[in-house]
Amino acid sequence: MEYKFSDIEKKWQQRWEEQNTCKVESDPSKPKYYVLDMFPYPSGSGLHVGHPLGYIASDIFARYKKHCGCNVLHPMGFDAFGLPAEQYAIQTGRHPAVTTAENIKRFKEQLGAMGFSYDWSREVQTCDPKYYKWTQWIFLQLFKSWYNKKTDRAESIDGLVKIFAREGNVNVDAATDFDTAFSEDEWNDFSEKQQQEILMNYRLAYLSYAEVNWCPELGTVLANDEVKDGRSERGGYPVVKKKMRQWFLRITAYAERLLKDLDTLAWSDSMKEMQRNWIGRSEGALVFFDLPDYNVQLEIYTTRPDTIFGATFMVLAPEHPLVEIITTPEHRQQVAEYLQYVQSRSERERQAEVKKVTGAFTGALALNPFTGRKIPVFISEYVLLGYGTGAIMAVPSDDERDHAFATHFNLPIIDVIDKGMYPGAGREDRVGKLINSGFLDGMEVADAIEAIINEIERRGIGRRMVQYRLRDAIFGRQRYWGEPIPIYYKDDIPYPLDESELPLLLPQMDDFKPSPDGEPPLAKLKNWNYEPTTMPGWAGSSWYFLRYMDPHNDKEFLSKEAEQYWQDVDLYIGGTEHAVGHLLYARFWQKFLYDRGYVSKPEPFKRLVNQGMIQGSSKFVYRISGSEKYVSFNLKDGYEVTPLHVDVSLVKNDVLDIEAFKKWRPENKDAEFILEDGKYLCGTEIEKMSKSRLNVVNPDEIIAQYGADTFRMYEMFLGPIEQSKPWNTHGIDGVFKFVRKLWRLFYDESKFLVTDAPATERELKVLHKTIKKIRDDIERLSFNTCISTFMVCVNELTDLKCSKKTVLKDLVVLLAPFAPHVAEELWEALGNKGSVTAVPYPEYNQKYLAETTFEYPVSVNGKLRTKIELPLDLEQSKVQEEVLASDVVKKWLEGKPPKKVIYVPGKIINIVV
RNA sequence: GCCCGGAUGGCGGAACUGGUAGACGCGCUGGACUCAAAAUCCAGUGGUGGCAACACCGUGGGGGUUCGAUUCCCUUUCCGGGCACCA
């Protein structure tokens, strides 16, 4: 009988569906295990071979855990709101709701063909009102909460109102920029509008004016992580800074906890490091510098207060509010020109020319509180308004940028650190001894920092301060295809919708082109009295993992019972591209919900694995400029050529199918070719897999040719999941051969070969060795070595002609997570009823692994000389005796006694002479 | 510039805590079957020398620790990723 994968796979996929094999319910009698994939954005081009890499890995692990007796939650859904569908709609006139639904259908078909064990009854789609009702609900909870620094958690805003009414805000320590004190009497006298405006400063979801990343092309603002190199991540359009009224989420309140709790997570070091850098904690001091000629103080932040004796000038960000006040009449002109220049520069230019020194003198002088000298105040774009206080004390002796600035403007430089044995050290290194620094002289940097901060605090001219680079997240988007924000306005005051009014449905619209002035599409609707911006793409993905636990609940976002049972994600698999976006926001929402008592775990994802990207190998043809002639790869150097992407399906082993190429596009029909050895060879480049690069390999084709089981195993066989690698189909035959070889242990051309004969010791050894290795390797997600182990096992069983039921039945179960279809088929062939999924995973028996003797490699001075068979756990003295008795060893020792004999049981014997 | 990774045959990659480097697969070479091809099966396959047994070299380069290093330490080159005027 032949191995007919397409029949087998169809049969089992159908049966799993009919029998609800993958459905899972809370079951307190079993331990839970939650395996999650990052749900995909359903793009119009469907899945390519790169997408399933992580899904296959998670499916193997989920199935494995099921075999181990766990109750496994392994769901899938779609991140269905977002820019691409809306952009596509604007170009084609097709409504995003329609195209999204189509795309999801296609994705589900493709996923189904790969035999994943998803419980589709738990599917979520972020654009479904039944889902986004609860996204809106969480937003309302954020709106109705503030962050109490005293208790270090989010609390109800109603509680805050009570405190205000009772004692004003003087005893309140909240996460806010608001610093105006008021008493209980003042609070009670404020108008409704004034009260609401004050409360807005405390809410975790709040409206504020701020510089935002505005993308005119997309007609919307973007979060920091959606901007790369001054361009939008989606589409690559220019981004400019713009001051706008926006919704924000106060993620900065959680900066310290988001940082600290990273230590509790089983994530890769690089992933944690990326989050640490993004949060960007630094310790330093806030210091006030007097401006004697004005009645104001300049607040600066520094991480190196010890260098204050070397501060010879100050620099403000150009947009700093004090610039207007302190600029002297004679410098007004210069400053205005400089501000003009700064304005004219795009974010991109500014980033590209960071080395360029620019700035202007305001004419104002500040007083260095420690040297007592008057120092000039400059403005320059190298100081950013958004970080610290937007002003610095410049220490040109120790800061590279300050030094460049001082040199350019001819300002004094005073050495304050004697670097000693670290002459190349910079300010970050914090090494050396203080000089020219009054009472700090002779101190090590670390001690000096302590001493100066104490002195600053004693004099009341500043204080210790921790600063984060993390900014509050902009939450509104001037776009259509997203969750409406459940806020309405009365007298221009924003109020939350009542929870009973949720969901606030996204109204049907046909024309939702963005306008360049920032007017959101919903504002065009006459009877829309709600907030006109919608939520960003990451809103729905910040909590979807919780909804899977209780997807159909229309009373709560998540019931207590479901939450208590499933708790958190045990294994999360997805790409690195979400390091500082989704993964940070999701942790933030989880912590918020934890504070408010809705979930019981402060972190959502215990273990995170980042699958690598599968790149495409793009193929190129070389057109001779100004002609219809194409020259083969190795001959192209003699010509002036333009490389053009060619569809990978037209190329086999770098050879172009010329006829197919001519038919491929009408403009190619008269193409001529300069061949080498009668063939046209294409060039290759490894790039990201994408439609535009014509290098997309579709999994459907591979599955049609080899079947899903081979496809799954081949993707795993390519290498470690974490590694990125280019797709190539060359090796897939090897995996396919393995499945057929396994099949041939069960069937030859005509009959079923399996017998009930007892297995030999030798066969059991092969089996149990395999069980142990597979179990160990699955646990550390080393699936590529699992496949190799299976191959070795089947090769050995084939050599032994072992078609014995006792051996094969364990092997089939062992293989089931990897190749579920063929495993089910063979399990049934062995006379078993029911799905193999329910069968316990085989345990290995130490008895069959334990060797009594071991062939020891014997080395002399670390060089392998011979091998000698010895009982495994022999005493050192016995070993010595045995080894030295050997003729070969005697020869190597040349009659001299050895200095030492090193014996590691089960590993090696080494003789030192 | 800073911070993380990584470098092993012709190729993808194995070697879990220092212990026989190159598992497994691809490719290649030779052979069997065949009129022939495909498919399948068998054997070989890191390099150099040798008819051979065997010897020497070998995990990007240099150095170190160790009886023993792909693995640990220092240094250097190259590649990938992230951040980037963050005070």
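Proteins come first, then strands; the chains are lettered A, B, ... in the order of their sequence lines, and each starts at number 1. Hydrogens, waters and symmetry mates play no part in the numbers below; they use all other heavy atoms, side chains included.
Here A/V901 lies out of heavy-atom contact (under 4.0 Å) with every strand. As judged by a 4.0 angstrom heavy-atom cut-off over every strand, A/L718 is placed among residues touching the sugar-phosphate backbone only. Among the atoms of the strands shown, only primed sugar atoms or phosphate atoms (P, OP1, OP2) are found under 4.0 Å from some heavy atom of A/R740. Within the 4.0 angstrom heavy-atom criterion, no nucleotide atom of any strand lies near A/D402. Here A/P726 lies out of heavy-atom contact (under 4.0 Å) with every strand. Using a 4.0 Å heavy-atom criterion, one finds that A/S859 contacts no nucleic acid atom at all.
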Close N or O pairs between protein and nucleotides 42-46 of chain B (under 3.5 Å):
none

Please list, for nucleotides 52-54 of chain B, all pairs of protein and nucleotide N/O atoms separated by less than 3.5 Å.
none

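Between A/F5 and A/Y706, the gap from one ring centroid to the other reaches at least 6.0 Å.
Between the side chain of A/N368 and the main chain of A/A311, a donor-acceptor pair closer than 3.5 Å is present. A/K773 places no side-chain N or O within donor-acceptor distance of the main-chain N or O of A/I771, the cut-off being under 3.5 Å.
Between B/G13 and A/Q723, a contact under 4.0 Å exists linking OP1 or OP2 to a side-chain N or O. The phosphate of B/C26 has OP1 or OP2 within less than 4.0 Å of a side-chain N or O from A/K737. Residue A/R276 places no side-chain N or O under 4.0 Å from the OP1 or OP2 atom of B/C83. Side-chain N/O atoms of A/Y387 include one lying less than 4.0 angstrom from OP1 or OP2 on B/A87.
The CD1 atom of A/I868 sits 22 Å away from the P atom of B/G19 (whole-angstrom rounding). Nucleotide B/G25 holds its C1' atom 16 Å from the CE atom of A/M716, rounded to whole Å. Going from atom CG of A/D269 over to atom P of B/G5 covers 6 Å, rounded to whole Å. If you measure from atom CG of A/D776 to atom P of B/A23, you get 21 Å, rounded to the nearest angstrom.
In this structure, B/A7 and B/U77 make a Watson-Crick or G-U wobble pair, each of the two defining distances being under 3.5 angstrom. Within the shown strands, nothing qualifies as a pairing partner of B/C33 under the Watson-Crick or G-U definition with both distances less than 3.5 Å. Remark: B/U66 base-pairs with no nucleotide; criterion is Watson-Crick or G-U wobble with both hydrogen-bond distances under 3.5 Å. Across all strands shown, B/U17 remains unpaired; no Watson-Crick or G-U wobble contact has both distances below 3.5 Å. Under the Watson-Crick or G-U wobble criterion, with both distances below 3.5 Å, B/C2 is paired with B/G82. When both distances must be under 3.5 Å, the Watson-Crick or G-U wobble mate of B/C51 does not exist. In a base pair of the Watson-Crick type (N1 to N3 plus N6-O4 or O6-N4) or a G-U wobble (N1-O2 and O6-N3), with each distance short of 3.5 Å, B/U71 is matched with no nucleotide. B/C28: Watson-Crick or G-U partner is B/G44, with both key distances under 3.5 Å.
Note that A/R607 lies outside the cation-pi zone of A/W267, set by a 6.0 Å cut-off to the ring centre and a 45° limit from the axis.
Taking CZ of A/F370 as the start and CD1 of A/I452 as the end, the distance is 3.5 Å to the nearest 0.5 Å. Here the OG atom belonging to A/S803 is positioned 5.0 Å from the CG atom belonging to A/L745, to the nearest 0.5 angstrom.
Minimum atom distance to the side chain of A/I902 is reached by B/G19, of the listed B/G5, B/G19, B/C3. Checked against B/G82, B/C3, B/G13, the side chain of A/K725 finds its nearest nucleotide in B/G13.
Nucleotides B/A32 and B/A38 have their C1' atoms positioned 16 Å apart, rounded to a whole Å. B/U70 sits 9 Å from B/G60 when the P atoms are compared, rounded to a whole Å. Rounded to a whole angstrom, the distance from the P atom of B/C73 to that of B/A69 is 16 Å. When the C1' atom is used for both B/G22 and B/G12, the distance is 13 Å, rounded to whole Å. Taking atom C1' in both B/A84 and B/G64, the straight-line distance is 36 Å, to the nearest Å. Rounded to the nearest Å, the gap between the P atom of B/G46 and that of B/G10 is 10 Å. Separation of the P atoms belonging to B/G58 and B/G68 is 15 Å when rounded to the nearest angstrom. With both ends at atom P, the span from B/A7 to B/C16 equals 13 Å, rounded to whole Å.
Considering A/T307, A/D306, A/I308 in turn, A/T307 is the only one that fulfils the side-chain contact (heavy atoms from CB on, under 4.5 Å) rule with A/V395.
Taking every heavy atom of residues 783-792 of chain A and every atom of RNA chain B, pairs under 4.0 Å involve A/N784, A/T785, A/S788, A/M791, A/V792, by number.
In terms of heavy-atom proximity, A/I279 sits nearest to A/L584 at CD1-CD1, 4.4 Å.
Residue side chain A/K867 reaches the base of B/U20 through a donor-acceptor N/O pair under 3.5 Å, judged by distance alone.
Under a 4.0 Å N-O distance rule, the pair A/K769/A/E796 qualifies as a salt bridge. Ion pairing between a basic and an acidic side chain is recognised when a charged N comes within 4.0 Å of a carboxylate O; A/R281 and A/E283 show such pairing. Ion pairing of A/R740 with A/D733 is absent here, as no side-chain N (NZ or NE/NH1/NH2) approaches a carboxylate O to less than 4.0 Å.
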Can you check side-chain contact (heavy atoms from CB on, under 4.5 Å) on A/S397 and A/I417, steps first, answer last? CA-CA 8 Å; A/S397 62; A/I417 306 287; 6.0 Å; no
